[in-house]
Amino acid sequence: MAGNTERLGAGVYPGAEGPVRIADAYFPVETLGPGRRLALWFQGCALACPGCMSRHTWDADGGRAATVGDLLQLWDAALADGAEGLTVSGGEPLQQPSALAALLLGAGRLRLARGRPEADLLVYTGHEPGEVPPEVWAALDGADAVVTGRFRIAEPTDLVWRGSANQRLVPRTPLGARRYAPHLDRDYPRGPRVTVHTDGTHARVYGVPARGELRRLERASAATGVHLTDPSWRP
Ligand code: SF4
């Protein structure tokens with residue numbers, strides 16, 4: 001990704017030059033919030049939930065380096081391609097609070113500049129309110145909705161976009177309330193909760209799997225002769 005934010009308009013996106021480490025970016029993802037979305041996975045998570053499907057995101061020095069402006073360019077391109085929202089997950093986005101705050105501020109301004117005010121911003125954090133300093137939690141101020149709380153493998157749930165029953169989906173803005181009200185108590189329909197994307201060498205699994213879904217995925221894949229090596233959900 002280039003570090004060039006000129007096309008977005010100099011000075012309009014404070015912090016766009018700031019660094020951020022990410023694990024992945026993909027558009028369109030339809031399993032992490034309503035509609036076709038740009039999904040960004042921040043790198044680094046110290047919470048180490050047992051059963052985490054994304055252990056490759058734990059190392060704060062892993063992933064790849066980018067700037068907030070790079071991510072805003074992805075958002076700009078996704079908006080032009082009809083994106084209905086942005087989902088920031090991880091890893092733990094609050095481990096990079098300055099980058100997260102700048103990204104959400106810029107993404108909010110960009111959707112207005114592009115005439116797409118209903119494109120919402122959703123953030124996943126493993127933290128609960130009050131668990132981190134207020135100045136860190138304030139990085140979420142630009143989010144229209146958040147999913148909060150650790151992943152707890154012993155507390156499965158059928159609620160959409162949540163991995164365990166303790167996790168809460170919380171709208172934070174009028175837009176978030178409009179977009180998420182129909183989904184707060186909605187269960188997943190029957191069927192897969194994740195999608196798999198492959199480039200022929202690597203497979204990426206996007207979404208919030210049901211218990212056992214990743215194991216079934218591995219078995220189904222093996223049955224077709226494709227054996228997953230070193231899946232990110234294995235310790
Ligand atoms: S489930 Fe989320 S919060 Fe928990 S260890 Fe994995 S990335 Fe971190």
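Along the sequence shown, the residues carry numbers beginning at 1. Numbering of ligands and ligand atoms starts at 1, following listing order.
Without hydrogens or angle criteria, Glu92 side chain to Gln43 main chain gives no donor-acceptor distance under 3.5 Å.
Of all protein atoms, those of element N, O or S that lie under 2.8 Å from atom 4 (Fe) of ligand 1 number 1.
In this structure, Asp144 CG and Leu121 CG are separated by 4.5 Å, a value rounded to the nearest 0.5 Å. For the atom pair CG of Leu159 and CZ of Arg162, the computed distance is 4.5 Å after rounding to the nearest 0.5 Å.
At the top of the distance list for atom 7 (S) of ligand 1, counting protein heavy atoms only, stands Gly91 N, 3.5 Å.
Taking the charged nitrogens against the carboxylate oxygens, Arg21 and Asp59 have no contact shorter than 4.0 Å, which rules out a salt bridge.
Counted by atom type alone, Asp120 and Tyr180 present one or more donor-acceptor pairs between their side chains at under 3.5 Å. In this structure, a donor-acceptor pair under 3.5 Å is absent between the side chains of Trp137 and Glu128. When only modelled atom types and interatomic distance are considered, His197 and Thr195 share a side-chain donor-acceptor pair under 3.5 Å.
Here Trp58 has side-chain heavy atoms under 4.0 Å from ligand 1, and that is the only part of it that gets that close.
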